[in-house]
Amino acid sequence: MFHIFGRWVGRTLMISLASALVIMATLLAGQAKADNDGAAIELLRQAGQVLQENDSFTVEITAEIDFTKDDLRHIESSNYVFTAVRPNRFALRVVGDWSPVTVIRDGQQDYAYQGLFHQYHTRPAAGDFRQLFDADNPISATLGVLPMAEELLTGDFLSTILEQNMTISDLGQQEFDGQTLAGVRLVADMIDLDLWFTTGSTILLHHVQADYERFIRELRSHQANMPETSMTQRWTFNNWQLGEPVADDVFTIDPPVGAEQVFQFGPQPPRHPLLGQPAPSFTLHLLDGSTRSLSDYLGRDIVILDFWAVRCPPCRDGLPVITAVADEYRDQGVVFYAVNLEDSARGIENVFDSLDSLTSPPMVARDTTGRAGNLYQVGPIPQTVIIGRDGLVQSVHLGFSPAIGDQLAVEVRALVEGQNLISEPAETRSADLACLDVNLTPNELPLGQSATVSFLIRNNGPDNLEPGMYLVVLFIDNEQVYVALGSEPIAADQEITLDIPAEQWQCRILSEGEHAVRAAVIGYEYLQDRSNNNNNVRKNITVVAPQP
């Protein structure tokens, strides 16, 4: 349920995402416990029962956020369409947002696309909807744009909420826009969620309201210089369709042009130069003194090499995880060698003695001279290499992360099934992106009124650019107030005007006087941007007292 807060807090409070997530983990680690209200529990049970009695649903969702920091106020709206067909298909599409998001399960594959990074992730659709929501799963993290996603998919509001040990209280009934709604409040240590449901024979979620007051107060206690901040957020659920037939094309997985396939969203390490190349062979002594040559396996088996050292804590963390994956597929032609870099036999044995989670001791090849490490261009460690039955380097992982076990399992399974992991590098295109102008209308802006905003962007060529290959960014008084994926193609040697739709985003300046405005256009890493610093434009806007 709480994946949503990392995303919005990281963005709207304009603090570092890492800091926000650390604080969030601390705040949510110990959640409120108290006696729950019987009427509220019964309402949640009935709402879940309505969903369980229907094998499909489609609902339109409007997300609204109103955020004020110092003298800048942002108002943003996004629109979602959420469809599910039990037991194993769903589609969530977010449109009109700074970062378009799509999450789909087609019955065979899970797929998530995040527009901000222009990246997508796929994995086999394992387990039921409830098993989808693992902490390290990029699919479930992307579903975090929508609170209550797990409850809606499983048709079980009550169990998932009770598992989080939050206090559940009854808010009674109130009139909203001519409807009588019944409310439930969920209280965690620092965040409250109010859930409002329609009443009558069919109880459906109408809207969710998030209260961040205590959370912002706690953030301020951790950050002495944090500016005055307020935030409200609401998700409204409209046009419910229950039990209606759903066309198969709703669940079509179709990554956007130029999107990069990744295991974790965010900046990616450079493509390893050995990827797709024949695996270099070497001969090393094992820990037991025998000798083994990699050429004995190349062209026949799937080989995992993990380059590690005793002095490296992340290496020690990764060894049990990689060993477990290799053990699972050992009978299917998977061979694993932990290639130790220049440590003594006693030091290696001491590490294994200390690893309680190690399912079985891996075979250790001792690279006492560093020759094997040089052949595989090992820099930072650990470095984990997977070689396919074709003898080619199919995958290279640098460092350790909690998701490495899932990543390796997906990759090894694919290789066992005869698939190829080597993807073509993202197509490199050349552009000279220029932000020629940014227009805020009116230029003399009445205090508290929102201006309309448009960017004038030119692609000086020579390649055409697809939507999603660039970002537009707006700063006011050196504060980043808007960032969005480029939604329009730009042909070579052409210019376009990109408008920010007022129904999707507004920014109001709450102090009179002259304010600095800067706009930029930014290409993604695979875009060779030869812009020579002409991708920024600056101007001023004057905020005046409103006319009486």
Side-chain angles (χ1 to χ4, degrees), residues 4-5 7-15 17 60-81 93-102 114-118 144-147 207 209-210 212 227 229-236 238 435 437-443 445-457 467-468 470-488 496-511 515-522 536-541 543:
I4 180 69
F5 299 116
R7 173 179 185 267
W8 282 114
V9 169
R11 173 188 178 185
T12 55
L13 294 186
M14 298 182 186
I15 60 177
L17 181 59
E60 299 171 7
I61 306 160
T62 298
E64 299 172 310
I65 184 166
D66 190 335
F67 170 73
T68 300
K69 176 188 173 186
D70 284 343
D71 60 356
L72 292 175
R73 180 184 179 190
H74 312 255
I75 303 172
E76 181 178 327
S77 178
S78 302
N79 296 300
Y80 312 173
V81 178
R93 290 181 169 86
V94 183
V95 295
D97 192 14
W98 70 315
S99 170
V101 169
T102 302
Q114 287 196 7
L116 178 63
F117 303 112
H118 203 43
V145 298
L146 176 65
H207 70 266
Q209 186 91 20
Y212 294 95
T229 304
S230 66
M231 180 166 66
T232 60
Q233 193 168 12
R234 176 169 167 167
W235 298 263
T236 303
N238 304 299
C435 189
D437 199 5
V438 58
N439 288 307
L440 283 78
T441 307
N443 190 50
L445 184 66
L447 184 69
Q449 178 178 312
S450 179
T452 60
V453 182
S454 64
F455 301 83
L456 182 61
I457 301 168
Y470 61 97
L471 293 168
V472 290
V473 189
L474 180 68
F475 299 83
I476 297 179
D477 294 334
N478 293 319
E479 290 284 355
Q480 179 180 297
V481 296
Y482 184 78
V483 56
L485 203 66
S487 58
E488 300 292 336
I496 65 168
T497 298
L498 277 181
D499 298 316
I500 302 179
E503 65 272 14
Q504 293 180 9
W505 181 86
Q506 300 176 38
C507 183
R508 301 175 183 177
I509 303 174
L510 306 179
S511 63
H515 296 266
V517 176
R518 177 165 65 92
V521 57
I522 303 170
N536 279 264
V537 64
R538 301 172 186 270
K539 61 171 46 178
N540 293 325
I541 186 171
V543 176

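FYI, side chains are in, hydrogens and waters are out, and symmetry mates aren't considered; it's all heavy atoms of this structure.
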#### Entry: side-chain contact (heavy atoms from CB on, under 4.5 Å) against Leu510, all qualifying residues, sequence neighbours excluded
Thr68, Asp71, Arg73, Arg508
### Summary
With sequence neighbours left out, the residues meeting side-chain contact (heavy atoms from CB on, under 4.5 Å) with Ala516 are Asp477, Asn540
Looking only at heavy atoms, what is the nearest atom pair of [X] and [Y], with distance?
| X | Y | result |
| --- | --- | --- |
| Ala519 | Val438 | CB-CB, 3.6 Å |
| Ser450 | Leu445 | C-CD1, 4.0 Å |
| Leu447 | Ser511 | CD1-N, 3.4 Å |
| Tyr80 | Val94 | CE2-CG1, 3.3 Å |
| Pro446 | Val543 | C-CG1, 4.4 Å |
| Val483 | Gln480 | CG1-NE2, 3.7 Å |

#### Entry: Test log, rule side chain to side chain contact (heavy atoms under 4.5 Å, CB included), inputs Lys539 and Asn439
CA-CA 9 Å; Lys539 61 171 46 178; Asn439 288 307; 3.7 Å; yes
I want to check something: taking the side chain as every heavy atom from C-beta on, are [X] and [Y] in contact at a cut-off of under 4.5 Å?
| X | Y | value |
| --- | --- | --- |
| Asn443 | Ile541 | yes |
| Val521 | Leu498 | no |
| Ile476 | Tyr482 | no |
| Leu474 | Phe455 | yes |
| Glu60 | Asn79 | no |

Once rounded to the nearest 0.5 Å, what's the spacing between atom [atom1] of [X] and atom [atom2] of [Y]?
| X | Y | atom1 | atom2 | result |
| --- | --- | --- | --- | --- |
| Asp66 | Ser230 | CG | OG | 7.0 Å |
| Leu72 | His515 | CG | NE2 | 8.0 Å |
| Ser78 | Leu146 | OG | CG | 11.5 Å |
| Arg234 | Thr62 | CZ | OG1 | 10.0 Å |
| Thr232 | Glu64 | OG1 | CD | 9.0 Å |
| His207 | Asn238 | NE2 | CG | 11.5 Å |

#### Entry: Test side chain to side chain contact (heavy atoms under 4.5 Å, CB included) applied to Phe67 and Thr229, step by step
CA-CA 7 Å; Phe67 170 73; Thr229 304; 3.2 Å; yes
### Message
Before you tell me yes or no, could you show the steps for Tyr470 and Glu488 under side chain to side chain contact (heavy atoms under 4.5 Å, CB included), namely the whole-Å CA-CA distance, both residues' side-chain angles and the distance that decides it to 0.1 Å?
### Response
CA-CA 10 Å; Tyr470 61 97; Glu488 300 292 336; 4.2 Å; yes
### Query
Any idea how His74 and Trp505 line up, ring-wise: parallel (<30°), tilted (30 to 60°), or perpendicular (>60°)?
tilted
### Message
Under the rule for salt bridge (charged side-chain N to carboxylate O under 4.0 Å, His left out), what residues qualify as partners of Asp499, not counting sequence neighbours?
### Response
none
